[in-house]
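To keep things clear, I will list the structure first and then write my remarks on it.
The analysis underlying the following values was restricted to heavy atoms, covering all of them including side chains, and did not include hydrogens, waters or symmetry mates.
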Amino acid sequence: MDMIMLNQSRKFFADCCCCKLAKHLRTLGYDTKWVACISDKELVKQCKEEGRILLTMDSTLPKEQNYQIKGLSYYVFRKCNRPVDQLQEVIKTFDLKIEEEKFFTRCLLCNDEIVKISKEKIRDRVVPGVYEKHEEFFVCKSCDKIY
């Protein structure tokens, strides 16, 4: 993997080809942004503004956006296709710590944090079988998805 690293950060931005990788990183508790339709120029701009590590499979991006790459905190060229392999490579490359207490602390849809919610407050928002089977529920602070 080729990489330009200018400073330390643990926030990621997965490009449109890495949506499953984004969900895996979110599952582990890592702040990982993903946008389905975004131009390369805007992707690089947001990474720079937010101090995110760019994760991409697009090997042409550095050639097309070379003038903007220089200000990017991190840039990673993705070479493996399977999301689980990508995850392993990111964990190894950035020496990510896998901490069980951070698992499922981010929304898989929007990336914001999820917080515990009382069971009674979500009674009408989940199907009865799920409600009866589980004691703990969580809600996303932004999109309101229940977990």
Cluster check Phe137, Phe103: I/L/V/M/F/W/Y, side chain < 4.5 angstrom: no
Is Leu55 close to Leu25 at the side-chain level, that is, under 4.5 Å between some pair of heavy atoms? yes
If you count heavy atoms of other groups shown closer than 6.0 angstrom to CZ of Phe104, is the number above 12? no
Grouping I, L, V, M, F, W and Y whenever their side-chain heavy atoms are under 4.5 Å apart, do Phe138 and Val126 come out in a common cluster? no
Crowding at CD, Glu100 (>12 non-hydrogen neighbours, <6.0 Å): no
Give the intermediate values and the outcome of side chain to side chain contact (heavy atoms under 4.5 Å, CB included) for residues Val115 and Lys141. CA-CA 7 Å; Val115 293; Lys141 296 193 300 186; 3.8 Å; yes
Arg52 versus Phe12: any side-chain heavy-atom pair under 4.5 Å? no
Heavy atoms, side chains only, cut-off 4.5 Å: are Cys107 and Glu113 in contact? no
Between the side chains of Glu89 and Lys92, is the shortest nitrogen-to-carboxylate-oxygen separation below 4.0 Å, so that they form an ion pair? no
Partner set under salt bridge (charged side-chain N to carboxylate O under 4.0 Å, His left out) for Asp144, not counting sequence neighbours: Arg125
Assigning hydrophobic clusters by single linkage (Ile, Leu, Val, Met, Phe, Trp, Tyr; side-chain heavy-atom cutoff under 4.5 Å), is Leu108 placed with Val35? no
Minimum side-chain heavy-atom gap Arg26-Trp34 below 4.5 Å: yes
Determine, for Glu99 against Lys97, whether the closest basic-nitrogen to carboxylate-oxygen distance falls under 4.0 angstrom. no
Quick check: does any side chain N or O of Thr93 sit under 3.5 Å from a backbone N or O of Val90, one acting as donor and the other as acceptor? no
Would you indicate whether the side-chain heavy atoms of His24 and Gln86 approach each other to under 4.5 Å? no
Establish whether Val84 and Leu96 are linked, either directly or via other cluster members, by ILVMFWY side-chain heavy-atom contacts under 4.5 Å. no
Given Asn111 and Asp31, is the side chain to side chain contact (heavy atoms under 4.5 Å, CB included) satisfied, shown in steps? CA-CA 6 Å; Asn111 190 45; Asp31 182 347; 2.5 Å; yes
Does the structure place the NZ or CZ of Lys119 under 6.0 Å from the centre of the six-membered ring of Tyr131, at an angle of no more than 45° from the ring's axis? yes
Atom pair CE (Met57) and CG (Leu21), whose distance is rounded to the nearest 0.5 Å: 10.0 Å
Contact between Gln88 and Ile91 at the side-chain level, heavy atoms closer than 4.5 Å - yes or no? no
Less than 4.5 Å apart, any side-chain heavy atom of Cys110 and any of Cys140? yes
Taken to the nearest 0.5 Å, the spacing of Ile38 CD1 from Lys33 NZ works out to 6.5 Å
Do any pairs count as a side-chain hydrogen bond (donor to acceptor under 3.5 Å, both in side chains) and have a residue in residues 14-23, sequence neighbours left out, and if so which ones? Asp15-Thr56
What distance do Ser39 atom OG and Glu42 atom CD have between them, rounded to the nearest 0.5 Å? 5.5 Å
To the closest 0.5 Å, what do you measure between CZ (Phe13) and OG1 (Thr32)? 10.5 Å
Compare all side-chain heavy atoms of Arg106 with those of Ile114 and state whether any distance is below 4.5 angstrom. no
For side-chain hydrogen bond (donor to acceptor under 3.5 Å, both in side chains), just list the numbers for Tyr147 and Glu136, CA-CA rounded to whole Å, side-chain angles, deciding distance to a tenth of an Å, and then say yes or no. CA-CA 9 Å; Tyr147 291 90; Glu136 287 188 324; over 6 Å; no
Value for CG (Leu43) from NZ (Lys48), rounded to nearest 0.5 Å, stands at 11.5 Å
Where is the tightest heavy-atom contact between Cys16 and Ala36, given as atom of each residue plus distance? CB-O, 3.4 Å
